[in-house]
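Quick notes on the structure that follows.
Predicted model only: the values in this text are computed from it and were never measured.
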Amino acid sequence: MALAATHPTDPSSVPSRTNAWQWHSSSADMTTTDDNASWKGDVWIDDNWTAEDKAKALELIGSKQAKQPLHHLDEEQQQRNLALNEFRRNASTNWNSFYEQNQTNFFKDRHYLHKAFPNEFAWLYAHSSDNNEELDESGNPRLYSIPNRIKTEESRTIVEIGCGVGNAILPLLEQHTELMHKYSSLDGDNDDVPPPRLNIHCLDFAPTAINFLTQDPRFRAAEEEGRATAHVFDLSSMHPSTISTSAASSTNNDKKQSTTLANSADVAILLFCLSAVAPHPSAALSRAARHAMDILKPGGTLVIRDYGRLDEAQMKLSKGEKSLGNNFYRKGDGTGCFYFELQDLKDLFVNDDDDCTKLELLELDYIQRVYRNRGDNSTRRRVWIQGRFRKPFGAGDESKYDLPSIGGIERYSSTACKRWDNYYITLAKMKTSTLPSNLFQIFPNEFSPWQSLMKQQNKGRPQNAQSLETSYSVSDNVTIVDLACGLGNASLLNLIQTLHQQTGQEESPRVNVHFLDISSEAIRQLSNDQRYQSGISSDSVVSQVYDVRTPLTIPKHLDQSVDIVLLLFALSAIGPYKCDDLKNAVTNAVKMLKPGGVILFRDYGRYDDDQLQLNSVSGAQICNNFYLRGVDGDDDSKVENRSDMGTGCYFFELDEVRDMFAELEVLQLECTTRTYKKTGKSAKDLNKNGGAAERRRMWIQGRFRKPVSNYLS
């Protein structure tokens with residue numbers, strides 16, 4: 001049964017107040033004239049709103065908009081729509097930066113869930129000493145027990161969505177550990193059944209938050225027991241069926257089976273999470289709600305607490321230029337917040353005549369309180385919204401929510417050539433440059449013979465880089481293959497042109513460069529480059545269309561004859577780690593090398609900023625850590641073109657790269673992290689920066705040499 005709700009947006013249902021609160025016209029601060037208010041724990045009191053309160057609050061929110069001319073409002077709305085799109089793309093990046101800065105110190109552990117949601121969590125506090133000061137309705141110390149419905153269960157699964165660093169889930173986990181210890185210490189003649197096993201799954205789209213969570217001793221202990229997992233997961237774009245929970249899906253005595261997060265949870269938790277996604281109504285928030293519902297098993301419960309309309313934080317945000325429209329705001333750190341009404345959550349989660357695939361409403365109400373700072377005696381007027389929803393017991397997985405997708409990796413592989421042709425056709429129209437890679441700076445060992453010629457400053461060798469035993473002499477003709485070359489590496493093309501223009505006595509080795517790519521359009525555009533044409537006239541360059549994924553197929557003149565193979569952001573475009581296409585590409589690259597030849601590798605690392613942005617694009621993920629980039633999941637016209645538009649991108653772990661080149665000697669292998677700060681945190685600066693305060697890039701760089709001894713006769 002839903003609770004009755006009172007709120008300023010429904011003034012007719014607001015009861016009389018006992019405290020005289022006043023909104024100040026110049027700020028959102030409140031004062032009270034009632035010195036006899038009963039402060040609970042000397043911290044807060046219940047609050048009631050009047051129609052006057054509501055009118056004043058709405059005036060504060062809408063005063064700036066009301067003063068704008070109509071044509072200015074239209075222009076402002078267009079700007080807000082663009083800003084909202086950029087916000088969505090950078091949401092994960094900004095939350096990741098938030099946790100990098102604040103680590104585990106910003107939010108306090110939430111020890112109130114058993115009080116806010118006793119039906120779901122009070123059993124964890126059975127016989128707990130933590131409740132001695134908590135009284136029941138009769139004024140006696142409250143004692144919790146384990147209901148029979150839970151006693152009969154072998155295990156219970158709790159999923160927290162938007163877990164952050166674990167401020168809600170870790171106290172529950174800690175309490176369950178204490179409960180199990182108490183049970184094990186009981187007398188041997190105890191006939192009571194043991195409490196159910198607790199499996200937890202923690203989801204957040206900020207990798208830094210997940211990293212902090214998994215380092216917590218409470219989580220690590222549960223993880224070692226096989227009853228806890230943590231995942232980087234964007235609720236608005238990723239379906240729970242894409243997340244494997246096999247680590248916590250079975251008891252210790254059972255053979256573990258591969259299971260997913262879909263239809264798995266007895267309880268799903270959303271604490272101040274939905275408000276950070278997008279405003280209501282929006283496609284992103286609707287997807288997030290559907291995915292949350294799909295996490296529940298039949299009979300499972302979704303519990304929610306989030307920001308309510310006219311909360312004091314909204315009052316403060318409304319004074320600046322931080323509104324993205326429709327009660328949604330972007331804060332100074334780039335993160336966002338929407339302020340809900342009861343009807344918003346009903347629209348998202350509750351069954352109605354038009355949609356019977358949603359949930360049953362159990363409770364839904366506002367929480368209205370005034371909090372006092374005991375240090376300076378200031379007060380804050382807070383409005384939250386809290387609800388409980390249950391998935392019908394008869395519900396199955398018949399209500400499938402299909403994300404826009406291109407299908408599996410096989411489908412992508414079969415269309416890769418056409419996709420890259422379309423990419424380079426589009427790139428030519430946009431007249432944008434490809435990702436630069438200065439070979440003289442990032443691979444000084446191999447390109448030092450040409451440093452003086454190119455007038456490049458050697459900025460020092462990379463850490464952990466082992467010098468080559470042999471170097472190229474002036475008389476050498478060094479064979480270089482730019483594999484998956486695209487439009488050609490700029491450093492390499494400049495070198496070709498400079499060598500062609502060299503007059504008099506030669507002071508640098510000659511080069512023989514082979515540009516190979518799957519895209520005929522890329523090769524066509526490359527052949528028109530003046531630097532490339534200068535190499536043609538001196539017989540120092542060759543280009544051809546070549547599919548490196550074809551098993552054991554390389555140009556005959558390149559078989560075991562190449563000094564340097566460049567793999568620059570090339571393998572990530574082929575497919576995920578250990579897929580057949582990627583294995584074939586690595587095999588072919590190694591086969592090209594002569595004994596002593598080297599592969600120079602640079603590619604995207606796990607949780608690079610690009611991956612965080614792609615996590616927020618609906619349907620972009622083809623499989624784990626492999627994405628379709630270049631299409632926006634919220635744009636239907638672009639979704640229709642996914643069959644031949646968009647290119648693939650995989651984000652590597654360091655050990656995956658090490659394993660791919662296991663038959664070669666490792667001269668260097670490291671993860672390079674760079675943070676590009678963007679100036680300013682004002683609304684204008686954030687709009688200019690695309691909604692992100694900074695970008696954190698992660699690349700993996702390596703040098704691998706083909707052993708000489710293995711190929712000696």
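Between Q701 and Q668, some side-chain heavy-atom pair lies under the 4.5 Å cut-off. In this structure, I599 and L567 have side chains that are in contact, with non-hydrogen atoms separated by less than 4.5 Å. Between K108 and N167, the closest side-chain pair of non-hydrogen atoms is not below 4.5 Å. For the pair L261 and L203, the minimum side-chain heavy-atom distance is below 4.5 Å. You'll find the side chain of R695 reaches within 4.5 Å of the side chain of D610, heavy atoms only. Side-chain contact check for L270 versus F389: every heavy-atom pair is 4.5 Å or farther apart. Put simply, the side chain of F328 does not reach to within 4.5 Å of the side chain of S282, judged on heavy atoms. Residues N584 and L552 form no side-chain contact, since every pair of their non-hydrogen atoms from C-beta on lies 4.5 Å or further apart.
N94 and T335 share no donor-acceptor pair across their side chains, judged by distance under 3.5 Å alone. Looking only at atom types and distance, the side chain of K391 has a donor-acceptor partner in the side chain of N263 under 3.5 Å away. Side-chain contact annotation: S413 with D581, donor-acceptor N/O pair under 3.5 Å present.
One distance of note links CZ of F272 with CD1 of I304; it measures 11.5 Å at 0.5 Å rounding. Rounding to the nearest 0.5 Å places CG of N615 at 9.5 Å from CZ of F205. Atom CZ of R227 is separated from atom CZ of R197 by 7.0 Å, given to the nearest 0.5 angstrom. Considering NE2 of H291 and CD1 of I243, their distance stands at 11.5 Å, rounded to 0.5 Å. Atoms CG and CZ, on D655 and R658 in that order, are 5.5 Å from each other to the nearest 0.5 Å. Of the inter-residue distances, the one linking D109 atom CG with L172 atom CG reads 10.0 Å to the nearest 0.5 angstrom.
Residues Y307 and F338 place their aromatic rings such that the two centres sit no closer than 6.0 Å.
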| task | Tell me, with the steps shown, if S616 and D234 meet side-chain hydrogen bond (donor to acceptor under 3.5 Å, both in side chains). | result | CA-CA 6 Å; S616 298; D234 191 324; 2.8 Å; yes

| message | For a side-chain contact (heavy atoms from CB on, under 4.5 Å) check, start with the C-alpha distance between F121 and I269, then their side-chain angles and the critical distance, and finish with the verdict. | response | CA-CA 11 Å; F121 304 115; I269 305 172; 3.7 Å; yes

| Evaluation steps, side-chain contact (heavy atoms from CB on, under 4.5 Å), between L612 and W95 | CA-CA 10 Å; L612 302 188; W95 274 106; over 6 Å; no

| message | Does Y577 form a side-chain hydrogen bond (donor to acceptor under 3.5 Å, both in side chains) with D659? I'd like the steps, not just the answer. | response | CA-CA 10 Å; Y577 173 61; D659 180 64; 2.6 Å; yes

| task | Go through the steps for L179 and W123 under the test side-chain contact (heavy atoms from CB on, under 4.5 Å), then give the verdict. | result | CA-CA 9 Å; L179 179 63; W123 68 275; 4.1 Å; yes

| said: Between Q613 and D609, is the side-chain hydrogen bond (donor to acceptor under 3.5 Å, both in side chains) condition met? List the steps. | reply: CA-CA 6 Å; Q613 292 190 14; D609 188 70; 3.0 Å; yes

| Does the pair F107 and N102 meet the rule for a side-chain contact (heavy atoms from CB on, under 4.5 Å), with working shown? | CA-CA 9 Å; F107 300 109; N102 296 289; over 6 Å; no

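N211 contributes no side-chain N or O that, together with a main-chain N or O of P207, makes up a donor-acceptor pair within less than 3.5 Å. With hydrogens and angles disregarded, a donor-acceptor distance shorter than 3.5 Å links the side chain of R287 to the backbone of S236. For the pair Y412 (side chain) and I622 (backbone), a donor-acceptor distance under 3.5 Å is absent. No donor-acceptor pair closer than 3.5 Å links the side chain of N625 to the backbone N or O of Y650. Under a 3.5 Å cut-off, the side chain of E120 and the backbone N or O of V267 do not form any donor-acceptor pair. H176 places no side-chain N or O within donor-acceptor distance of the main-chain N or O of L124, the cut-off being under 3.5 Å. One N or O on the side chain of N588 and one on the backbone of V548 form a donor-acceptor pair closer than 3.5 Å. Remark: the backbone N or O of K358 is paired with a side-chain donor or acceptor of N351 at under 3.5 angstrom. Within the 3.5 Å criterion, the main-chain N or O of T157 finds no donor-acceptor partner in the side chain of N199. With hydrogens and angles disregarded, no donor-acceptor distance shorter than 3.5 Å links the side chain of D306 to the backbone of F340.
The one candidate from Y627, F569, F626, W699 that meets the ring-ring contact (aromatic ring centres under 6.0 Å, His included) condition with Y604 is F569. Here the rule is side chain to side chain contact (heavy atoms under 4.5 Å, CB included) with I158, and of V303, D266, L113, I169 only I169 fits it.
The aromatic rings of F106 and F98 sit perpendicular to each other, their planes meeting at more than 60°, with 30° as the lower class boundary.
The minimum heavy-atom distance linking G605 with F651 is given by the pair O-CD2, 3.5 Å. Between A278 and R88 the shortest heavy-atom distance is CB-CD, 4.1 Å. Here the closest non-hydrogen pair linking D204 and C163 is OD2-N, 3.4 Å. Pairing each heavy atom of S286 with each of L348, the nearest pair is CA-CD2, 4.2 Å. The minimum heavy-atom distance between M293 and F349, with the atom names listed, is CG-CD2, 3.8 Å. Listed here is the closest heavy atom pair of C671 and L654: N-CD1, 3.9 Å.
When the side chain to side chain contact (heavy atoms under 4.5 Å, CB included) test is applied to S241, the partners found at least two apart in sequence or on another chain are H239, T260, A262.
Residues R218 and D216 are paired through a salt bridge, judged by an N-O separation under 4.0 Å between the basic side chain and the carboxylate.
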